[in-house]
Amino acid sequence: MADILSIAQSGLHAAQAGINTTGQNIANVSTPGYSRQVVEQQPSPSVQYGLTSVGQGTNVTGINRIYSEFLAVQANTARTTSSNLATQSAEMQPINNLLTDSSSGLSTAVLEFFNKLQDLSSKPSDTSTRQTVISASQNLAARFNDAQKQLTNVNGGLNTQIKDSVTKINKAASQIASLNQQIAVSQTSRGGSNVNGLLDQRDQVVANLSKQIKLIVNEQDGNYNVMIGNGVPLVLAFNTYKLETVASKNDPTRLNVTHTPNGGAEVDVSDVLLGGSLGGIFDFRKNILNPTQNTIGQIILAITSDINAVNKTGLKANGIQGGNIFTQPASLATPYTTNTGSGGISIAITNTNLLTNSDYILEKTGAGDSYKLTRVSDGVDVYSNSALATITNAGFSLSISTGTVSAGDQFLLRPTYSGASSYSVTATISDIATAAVGTSVQPDPVVAPAPGDNSNVLAMLAKQTSLVMNSGLSSYQDTLGGLISTVGNKSAELKATSAYAEQWQQSSSIAMENYSGINLEEEAANLLRYQQAYQASGTVLQMARQMFDSILGIMR
Amino acid sequence: MRISTNTIYQLSTSQMTALQEKISQTSQQASTGKKVMTPQDDPVGSAKLLEAKQAISINDQYAVNRNALKYTIGIANVALSGVQDVMQSMNEQIVSLGNGILNSSNRQSIAITLQSQLDHLVTLSNTKDAAGHYIFSGYKSDTASINASTYAYGGDANNAVIQVDSSTQLGLGVNANTMFSSGFLAQIKTSITALSDASSTDAQIATAISDLSAAFNASQITVNAAQVTLGTSENRLTSMDSIGSERALTYKDTVSSLEDVDYNKVLSDLARQQLQLQVAQKTFTQISNLSIFNYIK
């Protein structure tokens, strides 16, 4: 008789566990990362009952979460890819807008400058026409300076995002390590209590981390060990190895990321932190921002160098040879912070036609006058073991501007990029050498040229349509057009691939959600089912009592 | 297949967001009449657009240059027809000088007429443009083309050319030195001096007349040649103008085809996208009302 009571009681217990679990599921219907839980029930072992055996009711053996590691890994991989492409695509937008000519006016400024020179060719001695040329040259410098400033701002924005991303990664690392610990403690000390919530939390932290960076999770003894990028350990059981942001060793305006492995030295891991939004930022900076900055610099450097050169070989109205119209900023040559020598390098542009939009790395390879020049874009050593003065065929020459350079010292050379410094026009209307094309030596005595002599203006104009860039392959506008289509293509490609990646990410998340997420209809049905089970067990209990009462009545 | 409740909401909202984004883009196109043209929207088109706009700008600038040159040619033409008129009257004087029965006073009065014609030729040779530049002095636009006392050419042999077309540089091509045969104006003065001098011998007068006549005939040829040069340049400029405007039309068509929206397409897109959004919204509200919980009382 006692058996039926305990059987009914176990049924009531199980039904209550079911109702509670269903309630928990319903309560967490919109909790991110919550996996639905189900009650695992087993019949209690039967006991001998006369000639046969009868079951002893039911046992709630566990409340399990419905979670698929396989689906989670897929969703995380998709999330990493999608976030990587979306970040790059978003970063493209300022550059994309910059190169939409109506907003930046780069192309218009070039055209306007040459149009004003055309006007000057009709009226070489007219002061108001000369003034419009000076204004147009100032506008030309200003537009390109503005463009560079905007790109510098983009770089500043990237630094902020790198910091932000590193903060998030470090925070996730702490959370994962701490959850590892909590889960381990809960499982051992409280004899395998329900850790479903903690497991969900930890998986959710990993899912969020997968937006920031590519990751691999290995589960070992219930702990998550997390490697990020290409094999950088972030979490090992209860320990974290955090990232730090530092200024790049060859460009103080850029933040890089370092990592200190267990018992090791701090290393720059920027090149191996692939994937996710952090990897996207590094990719974008290296493959898009840098070349764009360099190409825009290359164009204005070529125009201003060519116009200055022509102006210097003509005569001004007073019979003196012309000087520079444009004042050019110095190209950047940054010594690595790891250098042992004190030396500085200065770059002198010698031939804008030979310049490329690549950066170069200069390294002193021996004790004597021996240098290696590596082109960054394709990694080719343009010079190896060469005297500094013999490095000439890349369109610039190099000299030691200060201090001494030690063997092994390296410099990042950016011939076409001038950083924060900008182009300016200090020339006035009388500085334009309109006359006497090809005057390479100052005539003695000084004789004022004829005021109608426009021959040097024609020489300046000839530059507009000549193929004076990229080793005689392109004109100024060709190079600008090339930049626009390169950026446009890259931008369109990123937009398309990030849209596909977004869909992939959505569908893999949905697959996971459909497997682990709550369906309210199902929960409603479960609610009814457990309610009925509860009522049924209650009836069994009631019946047992009645039976017990009848026995007592007989006994009375 | 099992579907989670969140999925239903997520799918519906992401679909509606995507539709709203499309509607915003389309309505922007409809209101501006321009496609949103960033390099990303159309990489090839953007580069083409840049090229076409550059071509338009340069083409327009060549037209400006041609107008500047046409203006100078116009002034030069006026001066040259004045020269032709003076040469015509001068011819009459030279013919009458050839008439043997003239006496000394007849010759002196012809000499006076010749002097005023010479002065007129000098004035016409020293024609200036609106900015005060001598147009027949080559590069030396600040120097009188003909010196009023020595009758020497003050300019130089240069022809200031400008770019009038992608492949053509053209200048006035005429200066006071090429307009008249060598020493013509000085010869007129020499002959005037001989003719007005009562003590000149017959032989001296005969030489003065024949030298003048020879120089005159030679200059008629050069003046005619100068007029032909100007006429030819003017014709070339006119034909470049019509080629230039045809080119401008082609370039503008290119720009328009790249930049302007097709209103039929945009408006029908807009109507379709609006309908899609309405359907999505209605479906969403209907689906979200379906629940067993409505029946658990």
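Reckoned from all heavy atoms, side chains included, excluding hydrogens, waters and symmetry mates. It should be emphasised that the depicted structure is a prediction, and the values quoted were computed from it without experimental measurement. Numbers restart at 1 for each chain; the letters A, B, ... are given by sequence-line order, proteins then strands.
The backbone N or O of B/V161 lies less than 3.5 Å from a partner atom in the side chain of A/N454, making a donor-acceptor pair.
Of the inter-residue distances, the one linking A/L111 atom CG with B/K53 atom NZ reads 11.0 Å to the nearest 0.5 angstrom. To the nearest 0.5 Å, the span separating CZ on B/R2 from CD on A/E521 amounts to 11.5 Å. In this structure, the separation between CD on B/Q40 and CG on A/L99 is 12.0 Å, given to the nearest 0.5 Å. To the nearest 0.5 angstrom, B/L11 atom CG is 10.0 Å from A/S507 atom OG. Interatomic distance, B/F293 CZ to A/E523 CD, rounded to the nearest 0.5 Å: 7.5 Å. Interatomic distance, CD1 of B/I58 versus CG of A/N115, reported as 7.0 Å (0.5 Å rounding).
Side-chain contact between B/P39 and A/T100: present, with at least one pair of heavy atoms (C-beta onward) separated by less than 4.5 Å. Residues A/I518 and B/S4 form no side-chain contact, since every pair of their non-hydrogen atoms from C-beta on lies 4.5 Å or further apart.
Contact annotation for B/Q163: both backbone and side-chain heavy atoms come within less than 4.5 Å of a heavy atom of chain A. Only the backbone of B/L290 comes within less than 4.5 Å of a heavy atom in chain A; its side chain stays farther off. Interface remark: A/E493 contributes no atoms to any contact with chain B (heavy atom separation under 4.5 Å). Neither the backbone nor the side chain of A/E112 comes within less than 4.5 Å of any heavy atom of chain B. If you measure heavy-atom distances from B/N158 to chain A, you find no contacts under 4.5 Å at all. Within the 4.5 angstrom heavy-atom criterion, no atom of B/A131 approaches chain A. Using a 4.5 Å cut-off between heavy atoms, A/L528 touches chain B through its side chain atoms alone. When heavy atoms are compared at a cutoff of 4.5 Å, B/Y295 does not approach chain A at all. Contact of B/V44 with chain A is not made at all, since no heavy-atom distance falls under 4.5 Å. Using a 4.5 Å cut-off between heavy atoms, B/S14 contacts chain A through its side chain alone, with no backbone atom that close. Residue A/L117: no heavy atom, backbone or side chain, is found under 4.5 Å from chain B. No part of B/D129 comes within reach of chain A, as not one of its non-hydrogen atoms sits under 4.5 angstrom from that chain. Proximity to chain B (any heavy atom under 4.5 Å) is shown, for A/I95, by neither the backbone nor the side chain. A/F114 does not touch chain B: none of its heavy atoms, backbone or side chain, sits under 4.5 Å away.
For the side-chain contact (heavy atoms from CB on, under 4.5 Å) with A/Q118, the lone residue among B/N65, B/I162, B/V64 that qualifies is B/N65.
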Worked check of side-chain hydrogen bond (donor to acceptor under 3.5 Å, both in side chains) between B/T38 and A/N96: CA-CA 6 Å; B/T38 71; A/N96 197 36; 2.9 Å; yes
Criterion side-chain contact (heavy atoms from CB on, under 4.5 Å) on B/Q61 and A/D119, from CA distance to verdict: CA-CA 8 Å; B/Q61 182 61 43; A/D119 288 342; 2.8 Å; yes
Worked verdict on B/Y139 versus A/S455 for side-chain contact (heavy atoms from CB on, under 4.5 Å): CA-CA 10 Å; B/Y139 279 171; A/S455 54; 3.7 Å; yes
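The local environment of NZ in B/K70 is crowded, with over 12 non-hydrogen atoms from other residues, nucleotides or ligands closer than 6.0 Å. Counting heavy-atom neighbours within 6.0 Å of A/R65 CZ, excluding the residue itself, gives a total above 12. For A/Y500, the OH atom sits in a loose shell: 12 or fewer heavy atoms of surrounding residues, nucleotides or ligands are nearer than 6.0 Å.
Heavy atoms only, all atoms of each residue included: A/N519 and B/I3 are closest at ND2-O, 2.6 Å.
By number of non-hydrogen pairs under 4.5 angstrom with chain B, the leading residue of A/A492, A/P451, A/S485 is A/P451. Chosen from A/Q464, A/K495, A/K123, the residue pairing most often with chain B at heavy-atom distances under 4.5 Å is A/K495. Taking B/A47, B/S141, B/S137 one by one and counting their heavy-atom pairs under 4.5 Å with chain A, the maximum is reached by B/S141. For the set B/Q169, B/Q54, B/K140, the count of heavy-atom pairs under 4.5 angstrom toward chain A peaks at B/Q54.
Side chain to side chain, B/T7 and A/N514 meet the donor-acceptor criterion of an N or O pair below 3.5 Å.
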